[in-house]
*Asks:* 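Sharing a structure here in C-alpha cells format.
Keep in mind that this is a model prediction, so the values were computed, not measured. Atoms within each ligand, like the ligands themselves, are counted from 1 in listed order.
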Amino acid sequence: MFITFEGGDGSGKSTQIAKLKDALQVKGFDVVLTREPGGTPISEKIRQVILDKDNQGMTPVTEALLYAAARAQLVRQVIIPALEEGRIVICDRFLDSSIAYQGFGRQLGDAVDNINQYAIAGCMPDLTIFLKLDPASGRERIGSREKDRIEMESDAFHQRVAEGYRWLEENYPERILAVDASQSIEEIAAKIEAAVMERIHAL
Ligand code: ADP
Ligand code: TYD
C-alpha cells in the first residue's frame, strides 16, 4: 500500500506521518518512510538545488522538471521496490504537490501532470491524506523557522497553491481524504489511522 501526505507548509504532515508509522508498526506492519523532494541521495541533491534561496533565477519549467526528476529517481529506487516486497510506503508529499505548487502556484497548468505521468510510470498512491489548513495558520505554526525558496513566495502564490489542493480534492475524491488540520494532533491522528486501517482491510 502506497500512502502520501499532502498539505501546505506547516499543516502537520511530518507530525502525522511519524504517528501513523508508529501506529502501523505496533500492529506489525512493515513501514517505509520517505519524503519529497528527496528520499534518495540523487533526489536529495536535486532538493538542495530546488530549495536553495540563491537560485532566485530558476524558471518555473526548470523547477517543475527538477521536482519530476527527483520523483522519477525515488519511485524507481525506493517506492516500487518496497511495494514489491509487500511493505507500506508513506511519502511526505508526492505528485499532488507538483500539481498544486507548479501547476497552480506557478500557473504551468496541465504540463505538470504530463511530465509527472512519465516520471511516476503508473505508481500512483492508493490513499492520499490531505491536511487542510489555511496558509496563514501554517505560516504561524512554522514561526521563525528559516524559509526555503518556495516558502519565501508571495501570499498570492500560496493562495493559488491552496486553490490547487481544493481542485485536487474535488477531482480525486476516491483517492484523497481531506482532514481538518486545525484540530488537535491526537484527533487528526485518530482519523488518519481509522481511514488507513479501513483501506488496508478493503485491499
Ligand atoms: P509540515 O511537515 O506539514 O510542514 P509539521 O508536522 O512540521 O508540518 O508541523 C509544523 C509545526 O506545527 C510543528 O511545530 C508542529 O509541532 C506543529 N503542529 C503540528 N500539528 C499541529 C496541530 N494539529 N496543532 C498545532 N500544532 C501542530
Ligand atoms: P517540504 O520539505 O515538504 O516542506 P514543508 O516541510 O515545509 O512542507 O517541501 C519543500 C517545498 O517544496 C515545499 O514548500 C513544497 C515544495 N514542493 C513543490 O513545490 N512541488 C513538489 O512537487 C514538491 C514535492 C514540493
*Asks:* Check each heavy atom of D9 against ligand 2 and say whether those closer than 4.0 Å belong to the side chain, the backbone, both or neither.
*Replies:*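 It is both backbone and side chain that touch ligand 2.
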
*Asks:* Enumerate the atoms of ligand 1 whose separation from the nearest heavy atom of S184 is less than 4.0 angstrom.
*Replies:*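 With S184 as reference, the close atoms of ligand 1 come out as 23 (N).
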
*Asks:* Is the closest basic N to carboxylate O distance between R106 and E153 below 4.0 Å?
*Replies:*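 Judged by the 4.0 Å cut-off on N to carboxylate O distance, R106 and E153 do form a salt bridge.
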
*Asks:* Is there a heavy atom in I185 that sits closer than 4.0 Å to ligand 1?
*Replies:*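 Distance cut 4.0 Å: I185 passes for ligand 1.
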
*Asks:* For the residue pair S137 and E140, confirm or rule out a side-chain donor-acceptor distance under 3.5 Å.
*Replies:*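 Side-chain D/A pair, S137 to E140: absent.
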
*Asks:* Before accepting this row, confirm whether a basic side-chain N of the pair R35/E44 lies closer than 4.0 Å to the acidic partner's carboxylate O.
*Replies:*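 Salt bridge present between R35 and E44.
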
*Asks:* Nearest to atom 11 (C) of ligand 1 by heavy atom, E187, R35, R141, Q183: which?
*Replies:*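 Minimum heavy-atom distance to atom 11 (C) of ligand 1 goes to R141.
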
*Asks:* Answer yes when E193 and K19 have at least one side-chain N-carboxylate O distance shorter than 4.0 Å, and no when they do not.
*Replies:*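 Salt bridge between E193 and K19, a charged N being under 4.0 Å from a carboxylate O: no.
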
*Asks:* Which is it for Q102 and ligand 2 at heavy atoms under 4.0 Å: side chain, backbone, both or neither?
*Replies:*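 For Q102, only side-chain atoms sit under 4.0 Å from ligand 2.
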
*Asks:* Backbone, side chain, both or neither: what part of R71 comes under 4.0 angstrom of ligand 2, heavy atoms only?
*Replies:*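 Side chain only.
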
*Asks:* List ligand 2 atoms under 4.0 Å from R47, heavy atoms only on the residue side.
*Replies:*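 With R47 as reference, the close atoms of ligand 2 come out as 2 (O).
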
*Asks:* Take atom 25 (C) of ligand 1 and look for protein heavy atoms under 4.0 Å from it; say yes if you find one, no if not.
*Replies:*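 Flag for atom 25 (C) of ligand 1 set to true, protein heavy atom closer than 4.0 Å.
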
*Asks:* Report yes or no: do Q159 and D155 form a side-chain donor-acceptor pair below 3.5 Å?
*Replies:*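 No pair is found: no donor N or O on one side chain lies under 3.5 Å from an acceptor on the other.
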
*Asks:* Hey, does the side chain of R76 reach the backbone of P81 with a donor-acceptor pair shorter than 3.5 angstrom?
*Replies:*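 Absent.
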
*Asks:* Classify the contact between R145 and ligand 2 as side chain, backbone, both or neither, using a heavy-atom distance cut-off of under 4.0 Å.
*Replies:*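 For R145, only side-chain atoms sit under 4.0 Å from ligand 2.
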
*Asks:* I'd like to know whether F94 forms a ring pair (Phe, Tyr, Trp, His ring centres under 6.0 Å) with F2, so could you lay out the CA-CA distance, the side-chain angles of the two residues, the decisive distance to 0.1 Å, and finally the verdict.
*Replies:* CA-CA 11 Å; F94 197 62; F2 179 25; 5.0 Å; yes

*Asks:* Just jot down the ligand 2 atoms closer than 4.0 angstrom to any heavy atom of K13, in number order.
*Replies:*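 By the 4.0 Å cutoff, the relevant atoms are 8 (O).
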
